[in-house]
Chemist: 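Structure provided below as C-alpha coordinates; questions to follow.
Below, chain A is the first sequence line, B the second, and so on; all start at residue 1.
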Number of protein chains: 2
Amino acid sequence: MERRNTPTKQAVLELLVKSGKAMSREAIEKEITQNINRATIYRVLNRFCEDDVLHRIVAEDGKQYFAVCVNCYDKVLSGHHFHFRCVKCDTIECLPIAVEFSISNSYQVDNVNCVLSGTCKDCSV
Amino acid sequence: MERRNTPTKQAVLELLVKSGKAMSREAIEKEITQNINRATIYRVLNRFCEDDVLHRIVAEDGKQYFAVCVNCYDKVLSGHHFHFRCVKCDTIECLPIAVEFSISNSYQVDNVNCVLSGTCKDCSV
DNA sequence: TAATTATTGCGAATAAATCGCATTTACATG
DNA sequence: CATGTAAATGCGATTTATTCGCAATAATTA
(Lines give C-alpha, C1' and ligand atoms only; values in the text may rest on other atoms or scores of the structure.)
Protein backbone atom coordinates (compact mmCIF):
# COMPACT_ATOMS: atom_id res chain seq x y z
CA MET A 1 0.00 0.00 0.00
CA GLU A 2 2.02 2.87 -1.27
CA ARG A 3 0.99 6.38 -0.42
CA ARG A 4 0.09 8.88 -3.10
CA ASN A 5 0.29 12.59 -2.96
CA THR A 6 -3.06 14.33 -3.29
CA PRO A 7 -4.32 17.89 -2.96
CA THR A 8 -6.52 16.75 -0.10
CA LYS A 9 -3.68 15.39 1.96
CA GLN A 10 -1.57 18.45 1.26
CA ALA A 11 -4.34 20.79 2.30
CA VAL A 12 -4.98 18.97 5.57
CA LEU A 13 -1.32 18.84 6.46
CA GLU A 14 -0.74 22.47 5.56
CA LEU A 15 -3.63 23.55 7.72
CA LEU A 16 -2.33 21.59 10.68
CA VAL A 17 1.17 22.93 10.21
CA LYS A 18 -0.10 26.46 9.94
CA SER A 19 -2.36 26.22 12.99
CA GLY A 20 0.42 24.75 15.11
CA LYS A 21 -2.19 23.14 17.28
CA ALA A 22 -4.14 19.92 17.38
CA MET A 23 -7.44 20.11 15.60
CA SER A 24 -10.53 17.98 15.46
CA ARG A 25 -12.08 16.74 12.24
CA GLU A 26 -14.78 19.32 12.81
CA ALA A 27 -12.34 22.20 13.16
CA ILE A 28 -10.41 21.07 10.12
CA GLU A 29 -13.55 20.83 8.03
CA LYS A 30 -14.56 24.28 9.15
CA GLU A 31 -11.26 26.00 8.44
CA ILE A 32 -10.16 24.27 5.28
CA THR A 33 -10.93 26.10 2.07
CA GLN A 34 -11.65 23.18 -0.24
CA ASN A 35 -14.54 20.81 0.01
CA ILE A 36 -13.42 17.52 1.48
CA ASN A 37 -15.70 14.73 2.49
CA ARG A 38 -15.96 13.96 6.17
CA ALA A 39 -14.97 10.32 5.81
CA THR A 40 -12.05 11.30 3.67
CA ILE A 41 -10.74 13.68 6.30
CA TYR A 42 -10.77 10.88 8.83
CA ARG A 43 -9.01 8.56 6.43
CA VAL A 44 -6.36 11.13 5.66
CA LEU A 45 -5.79 11.80 9.34
CA ASN A 46 -5.62 8.12 10.21
CA ARG A 47 -3.10 7.48 7.48
CA PHE A 48 -0.95 10.34 8.67
CA CYS A 49 -1.02 8.86 12.15
CA GLU A 50 0.05 5.47 10.86
CA ASP A 51 2.93 7.15 9.09
CA ASP A 52 3.89 9.11 12.22
CA VAL A 53 3.31 12.40 10.49
CA LEU A 54 0.61 13.31 12.98
CA HIS A 55 -0.18 12.21 16.46
CA ARG A 56 -3.60 11.70 17.91
CA ILE A 57 -4.87 13.04 21.22
CA VAL A 58 -8.20 12.07 22.74
CA ALA A 59 -9.59 14.78 24.95
CA GLU A 60 -12.06 14.55 27.80
CA ASP A 61 -14.79 15.44 25.36
CA GLY A 62 -14.15 12.01 23.88
CA LYS A 63 -13.13 13.47 20.54
CA GLN A 64 -9.96 12.93 18.59
CA TYR A 65 -7.57 15.73 17.85
CA PHE A 66 -4.63 15.60 15.49
CA ALA A 67 -1.41 17.52 15.62
CA VAL A 68 1.74 17.75 13.60
CA CYS A 69 3.59 18.71 16.71
CA VAL A 70 6.42 20.49 14.96
CA ASN A 71 8.12 20.89 18.26
CA CYS A 72 8.28 17.17 18.74
CA TYR A 73 11.85 17.46 17.59
CA ASP A 74 12.57 19.18 20.84
CA LYS A 75 14.02 16.99 23.47
CA VAL A 76 11.18 17.55 25.85
CA LEU A 77 8.53 16.88 23.30
CA SER A 78 10.05 13.88 21.63
CA GLY A 79 8.76 11.73 24.44
CA HIS A 80 5.29 11.97 25.84
CA HIS A 81 4.12 15.42 26.68
CA PHE A 82 1.13 17.13 28.15
CA HIS A 83 -1.52 18.67 25.96
CA PHE A 84 -3.74 21.57 26.76
CA ARG A 85 -7.27 21.73 25.48
CA CYS A 86 -8.94 25.10 25.51
CA VAL A 87 -12.67 24.66 25.89
CA LYS A 88 -13.22 28.10 24.41
CA CYS A 89 -11.37 27.92 21.11
CA ASP A 90 -11.62 24.13 20.89
CA THR A 91 -8.01 23.53 20.04
CA ILE A 92 -5.36 21.49 21.70
CA GLU A 93 -1.78 22.49 21.92
CA CYS A 94 1.27 20.43 22.70
CA LEU A 95 2.87 21.74 25.84
CA PRO A 96 6.62 21.60 26.29
CA ILE A 97 6.09 19.70 29.52
CA ALA A 98 7.19 16.10 29.70
CA VAL A 99 4.97 13.47 31.23
CA GLU A 100 6.95 11.69 33.88
CA PHE A 101 5.98 8.68 35.92
CA SER A 102 7.46 5.47 37.11
CA ILE A 103 5.35 2.38 37.20
CA SER A 104 5.92 -1.24 38.09
CA ASN A 105 7.16 -3.19 35.11
CA SER A 106 4.36 -5.66 35.60
CA TYR A 107 2.37 -3.14 33.65
CA GLN A 108 3.02 -2.87 29.96
CA VAL A 109 2.45 0.74 28.92
CA ASP A 110 1.70 1.09 25.23
CA ASN A 111 0.19 4.53 25.13
CA VAL A 112 0.16 7.77 27.08
CA ASN A 113 -2.62 10.30 26.80
CA CYS A 114 -2.41 13.35 29.06
CA VAL A 115 -4.67 16.32 28.56
CA LEU A 116 -5.11 19.35 30.74
CA SER A 117 -8.10 21.46 29.92
CA GLY A 118 -9.45 24.86 30.69
CA THR A 119 -8.86 28.24 29.16
CA CYS A 120 -5.74 28.87 27.14
CA LYS A 121 -3.61 31.97 27.32
CA ASP A 122 -5.12 33.41 24.16
CA CYS A 123 -8.68 33.08 25.41
CA SER A 124 -8.22 33.95 29.05
CA VAL A 125 -8.37 37.69 28.59
CA MET B 1 -33.22 18.95 43.54
CA GLU B 2 -32.81 16.63 46.47
CA ARG B 3 -31.36 13.22 45.90
CA ARG B 4 -33.32 10.08 46.69
CA ASN B 5 -32.02 6.71 47.57
CA THR B 6 -32.92 4.01 45.09
CA PRO B 7 -31.99 0.36 44.56
CA THR B 8 -30.55 1.31 41.19
CA LYS B 9 -28.14 3.84 42.62
CA GLN B 10 -27.12 1.51 45.40
CA ALA B 11 -26.44 -1.32 43.00
CA VAL B 12 -24.30 0.80 40.72
CA LEU B 13 -22.30 2.20 43.57
CA GLU B 14 -21.81 -1.18 45.22
CA LEU B 15 -20.55 -2.65 41.98
CA LEU B 16 -18.05 0.14 41.52
CA VAL B 17 -16.87 -0.13 45.10
CA LYS B 18 -16.48 -3.87 44.80
CA SER B 19 -14.62 -3.74 41.51
CA GLY B 20 -12.21 -1.13 42.81
CA LYS B 21 -11.65 0.01 39.25
CA ALA B 22 -13.19 2.44 36.83
CA MET B 23 -15.85 0.92 34.67
CA SER B 24 -17.64 1.94 31.52
CA ARG B 25 -21.41 1.99 31.21
CA GLU B 26 -21.05 -1.13 29.12
CA ALA B 27 -19.05 -2.99 31.75
CA ILE B 28 -21.46 -1.94 34.47
CA GLU B 29 -24.44 -3.08 32.48
CA LYS B 30 -22.76 -6.41 31.84
CA GLU B 31 -21.78 -7.12 35.41
CA ILE B 32 -24.72 -5.78 37.31
CA THR B 33 -27.31 -8.35 38.31
CA GLN B 34 -30.46 -6.31 38.02
CA ASN B 35 -31.93 -4.91 34.87
CA ILE B 36 -31.24 -1.23 34.60
CA ASN B 37 -31.96 0.89 31.60
CA ARG B 38 -29.01 2.23 29.69
CA ALA B 39 -30.05 5.85 29.96
CA THR B 40 -30.67 5.43 33.65
CA ILE B 41 -27.18 4.11 34.23
CA TYR B 42 -25.76 7.19 32.58
CA ARG B 43 -27.97 9.44 34.64
CA VAL B 44 -27.01 7.71 37.85
CA LEU B 45 -23.34 7.97 36.98
CA ASN B 46 -23.59 11.60 36.02
CA ARG B 47 -25.36 12.46 39.24
CA PHE B 48 -22.72 10.66 41.27
CA CYS B 49 -20.07 12.69 39.48
CA GLU B 50 -21.88 15.92 40.26
CA ASP B 51 -21.98 14.89 43.88
CA ASP B 52 -18.29 13.97 43.87
CA VAL B 53 -19.04 10.39 44.73
CA LEU B 54 -17.46 9.21 41.51
CA HIS B 55 -14.94 10.67 39.16
CA ARG B 56 -14.96 10.38 35.43
CA ILE B 57 -12.06 9.39 33.23
CA VAL B 58 -12.13 9.56 29.45
CA ALA B 59 -9.81 7.06 27.85
CA GLU B 60 -8.18 7.10 24.44
CA ASP B 61 -11.01 4.96 23.19
CA GLY B 62 -13.15 8.05 23.69
CA LYS B 63 -15.34 6.34 26.23
CA GLN B 64 -16.17 7.42 29.75
CA TYR B 65 -15.16 5.39 32.75
CA PHE B 66 -16.33 5.94 36.28
CA ALA B 67 -14.55 5.16 39.51
CA VAL B 68 -15.21 5.53 43.19
CA CYS B 69 -11.50 5.80 43.75
CA VAL B 70 -11.58 4.62 47.34
CA ASN B 71 -7.92 5.40 47.57
CA CYS B 72 -8.56 9.01 46.79
CA TYR B 73 -8.28 9.57 50.51
CA ASP B 74 -4.62 8.82 50.19
CA LYS B 75 -2.45 11.82 49.98
CA VAL B 76 -1.12 10.90 46.58
CA LEU B 77 -4.50 10.22 45.11
CA SER B 78 -6.37 13.14 46.54
CA GLY B 79 -4.94 15.30 43.81
CA HIS B 80 -4.79 14.32 40.19
CA HIS B 81 -3.41 10.91 39.51
CA PHE B 82 -2.61 8.71 36.59
CA HIS B 83 -5.00 6.06 35.43
CA PHE B 84 -4.19 2.83 33.70
CA ARG B 85 -6.48 1.39 31.10
CA CYS B 86 -6.02 -2.25 30.29
CA VAL B 87 -7.07 -2.89 26.72
CA LYS B 88 -7.57 -6.55 27.52
CA CYS B 89 -9.92 -6.47 30.47
CA ASP B 90 -11.35 -3.07 29.60
CA THR B 91 -11.06 -1.58 33.04
CA ILE B 92 -9.28 1.44 34.30
CA GLU B 93 -7.56 1.62 37.61
CA CYS B 94 -6.45 4.61 39.60
CA LEU B 95 -2.72 4.48 40.00
CA PRO B 96 -1.07 5.83 43.12
CA ILE B 97 1.05 8.07 40.97
CA ALA B 98 0.52 11.79 41.15
CA VAL B 99 0.36 13.89 38.03
CA GLU B 100 2.85 16.67 38.37
CA PHE B 101 3.45 19.58 36.08
CA SER B 102 4.05 23.26 36.27
CA ILE B 103 2.48 25.53 33.76
CA SER B 104 2.38 29.26 33.18
CA ASN B 105 -0.43 30.85 35.12
CA SER B 106 -1.68 32.42 31.93
CA TYR B 107 -3.34 29.07 31.43
CA GLN B 108 -6.33 28.29 33.57
CA VAL B 109 -6.38 24.55 34.20
CA ASP B 110 -9.82 23.26 35.11
CA ASN B 111 -9.39 19.59 34.47
CA VAL B 112 -6.69 16.94 34.29
CA ASN B 113 -7.11 13.70 32.41
CA CYS B 114 -4.13 11.36 32.30
CA VAL B 115 -4.46 7.82 31.08
CA LEU B 116 -1.75 5.29 30.41
CA SER B 117 -2.88 2.26 28.50
CA GLY B 118 -1.64 -1.15 27.66
CA THR B 119 -1.78 -4.45 29.49
CA CYS B 120 -2.34 -4.49 33.23
CA LYS B 121 -0.53 -6.68 35.67
CA ASP B 122 -3.43 -9.13 35.89
CA CYS B 123 -3.63 -9.63 32.14
CA SER B 124 0.04 -9.58 31.27
CA VAL B 125 0.72 -13.22 32.06
C1' DT C 1 -52.37 8.08 53.41
C1' DA C 2 -51.62 11.50 50.11
C1' DA C 3 -48.96 14.91 47.61
C1' DT C 4 -44.75 16.30 45.56
C1' DT C 5 -41.17 15.59 42.62
C1' DA C 6 -36.99 12.78 41.91
C1' DT C 7 -36.15 8.74 39.33
C1' DT C 8 -36.84 5.40 35.84
C1' DG C 9 -38.00 3.16 31.29
C1' DC C 10 -38.60 3.55 26.62
C1' DG C 11 -37.84 5.19 22.22
C1' DA C 12 -36.04 8.64 19.54
C1' DA C 13 -32.31 11.90 18.69
C1' DT C 14 -27.34 13.50 18.41
C1' DA C 15 -22.89 13.09 17.24
C1' DA C 16 -18.28 10.95 16.33
C1' DA C 17 -16.15 7.74 13.65
C1' DT C 18 -16.18 3.90 10.39
C1' DC C 19 -17.48 1.02 6.37
C1' DG C 20 -18.83 -0.68 1.70
C1' DC C 21 -18.86 0.29 -2.81
C1' DA C 22 -18.64 2.63 -7.03
C1' DT C 23 -15.90 6.27 -9.11
C1' DT C 24 -11.95 9.07 -9.66
C1' DT C 25 -7.16 9.93 -9.93
C1' DA C 26 -2.00 9.54 -8.96
C1' DC C 27 1.71 7.55 -10.86
C1' DA C 28 4.72 4.07 -12.79
C1' DT C 29 5.50 1.69 -16.98
C1' DG C 30 5.52 0.72 -21.79
C1' DC D 1 2.06 10.38 -24.25
C1' DA D 2 -1.25 6.71 -23.50
C1' DT D 3 -2.71 3.38 -20.21
C1' DG D 4 -3.29 -0.04 -16.46
C1' DT D 5 -3.33 -0.68 -11.48
C1' DA D 6 -4.28 0.37 -7.09
C1' DA D 7 -4.64 4.24 -3.92
C1' DA D 8 -7.74 7.86 -2.75
C1' DT D 9 -12.20 9.93 -2.71
C1' DG D 10 -17.34 10.77 -2.34
C1' DC D 11 -21.60 9.26 -0.87
C1' DG D 12 -24.74 7.05 1.90
C1' DA D 13 -25.51 3.87 5.31
C1' DT D 14 -23.94 1.95 9.73
C1' DT D 15 -22.08 1.51 14.33
C1' DT D 16 -21.54 3.06 18.87
C1' DA D 17 -21.59 6.21 22.89
C1' DT D 18 -24.33 9.38 25.07
C1' DT D 19 -28.26 12.32 25.74
C1' DC D 20 -33.14 13.91 25.59
C1' DG D 21 -38.27 14.16 25.95
C1' DC D 22 -42.04 12.39 27.99
C1' DA D 23 -45.02 9.48 30.43
C1' DA D 24 -45.08 6.25 34.28
C1' DT D 25 -43.19 4.88 38.75
C1' DA D 26 -41.65 5.37 43.31
C1' DA D 27 -39.07 7.73 47.39
C1' DT D 28 -39.82 10.90 50.92
C1' DT D 29 -42.09 14.17 53.77
C1' DA D 30 -46.03 16.16 55.79
Chemist: Please answer whether the main-chain N or O of B/Leu116 pairs with a side-chain N or O of A/Asn111 as donor and acceptor at a distance below 3.5 Å.
Modeler: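 Not at all, since once roles are kept as given, no pair shorter than 3.5 Å links the two residues.
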
Chemist: Tell me whether B/His83 contacts the main-chain N or O of B/Cys94 through its side chain, where contact means a donor paired with an acceptor under 3.5 Å.
Modeler: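 It does not hold such a pair.
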
Chemist: Report yes if the distance between the aromatic ring centroids of B/Phe84 and A/Tyr107 is under 6.0 Å, otherwise no.
Modeler: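 That pair passes the under 6.0 Å test.
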
Chemist: I'd like to know if A/Tyr65 and A/Val53 are part of one continuous hydrophobic network [Ile/Leu/Val/Met/Phe/Trp/Tyr, side-chain heavy atoms within less than 4.5 Å].
Modeler: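 Hydrophobic grouping puts A/Val53 apart from A/Tyr65.
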
Chemist: To the nearest 10 degrees, what angle separates the axes at the start and end of the helix from C/dT1-D/dA30 to C/dG30-D/dC1, five pairs each?
Modeler: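 Taking the rotation axis at each end, their angle is 30°.
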
Chemist: Rounding to an integer number of Å, can you tell me how far A/Phe66 CZ sits from C/dA16 P?
Modeler: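 Computing the A/Phe66:CZ to C/dA16:P distance gives 13 Å.
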
Chemist: Rounded to whole Å, please give me the gap between CD in A/Glu26 and C1' in C/dA16.
Modeler: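 Whole-Å distance recorded here is 10 Å.
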
Chemist: Okay, side chain of B/Asn113, backbone of B/Ile57: is any donor-acceptor separation there less than 3.5 Å?
Modeler: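 Answer holds: no.
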
Chemist: Restricting to non-hydrogen atoms, name the atom on B/Arg85 and the atom on B/Ala59 that form the minimum distance, rounded to 0.1 Å.
Modeler: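 The pair with the smallest heavy-atom distance is CD-CB, 3.4 Å.
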
Chemist: Can you tell if the side chain of B/His81 reaches within under 4.5 Å of the side chain of B/Ile97, non-hydrogen atoms only?
Modeler: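 A side-chain contact is absent here, since even the closest heavy-atom pair is not under 4.5 Å.
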
Chemist: Going by side chain to side chain donor-acceptor pair (under 3.5 Å), name the residues that satisfy it together with A/Ser104, two or more places apart in sequence or in a different chain.
Modeler: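 By the side chain to side chain donor-acceptor pair (under 3.5 Å) rule, A/Ser104 matches A/Ser106.
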
Chemist: Return the value, rounded to whole Å, for the distance between atom CG of A/Leu45 and atom P of C/dT18.
Modeler: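 That distance rounds to 10 Å.
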
Chemist: Just how far, in rounded Å, is C1' of C/dA17 from CZ of A/Arg47?
Modeler: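 Taking atom C1' of C/dA17 as the reference, CZ of A/Arg47 is at 15 Å.
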
Chemist: Using a cut-off of 4.0 Å between protein heavy atoms and nucleotide atoms, how would you tag nucleotides 9-15 of chain C 5' to 3' with B, S and -?
Modeler: BB-----

Chemist: Where along nucleotides 23-30 of chain D does protein come under 4.0 Å, by heavy atom, of base (B) or sugar-phosphate alone (S), with - for untouched nucleotides?
Modeler: ---BBS--

Chemist: Would you say A/Lys88's side chain and A/Gly118's backbone share a donor-acceptor pair under 3.5 angstrom?
Modeler: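 Looks like no, no N/O pair under 3.5 Å.
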
Chemist: Only counting residues at least two apart or in another chain, list the ones meeting side chain to side chain donor-acceptor pair (under 3.5 Å) with A/Gln64.
Modeler: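 Partners of A/Gln64 by the side chain to side chain donor-acceptor pair (under 3.5 Å) criterion, ordered by chain and then number, come out as A/Arg56.
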
Chemist: Who pairs with B/Asp110 by side chain to side chain donor-acceptor pair (under 3.5 Å), at least two apart in sequence or on another chain?
Modeler: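 Partners of B/Asp110 by the side chain to side chain donor-acceptor pair (under 3.5 Å) criterion, ordered by chain and then number, come out as B/Gln108.
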
Chemist: Using whole Å, what does the distance between atom C1' of nucleotide C/dT8 and atom CD1 of B/Ile32 come to?
Modeler: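 Going from B/Ile32 (CD1) to C/dT8 (C1'), I get 14 Å.
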
Chemist: Give the rounded distance in Å between these two atoms: CD of A/Glu50 and C1' of D/dA7.
Modeler: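 So the CD-C1' distance, A/Glu50 to D/dA7, works out to 13 Å.
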
Chemist: Check the distance between D/dA17's P and B/Ile28's CD1 and give it to me in whole angstrom.
Modeler: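 Atom CD1 in B/Ile28 sits about 13 Å away from atom P in D/dA17.
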
Chemist: OP1 or OP2 of D/dT18 sitting under 4.0 Å from any side-chain N/O of B/Tyr42?
Modeler: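 For B/Tyr42, the contact criterion (side-chain N or O under 4.0 Å from OP1 or OP2 of D/dT18) is met.
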
Chemist: In whole Å, what is the span from the CD atom of A/Gln10 to the C1' atom of D/dT9?
Modeler: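 After rounding, the reported distance stands at 15 Å.
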
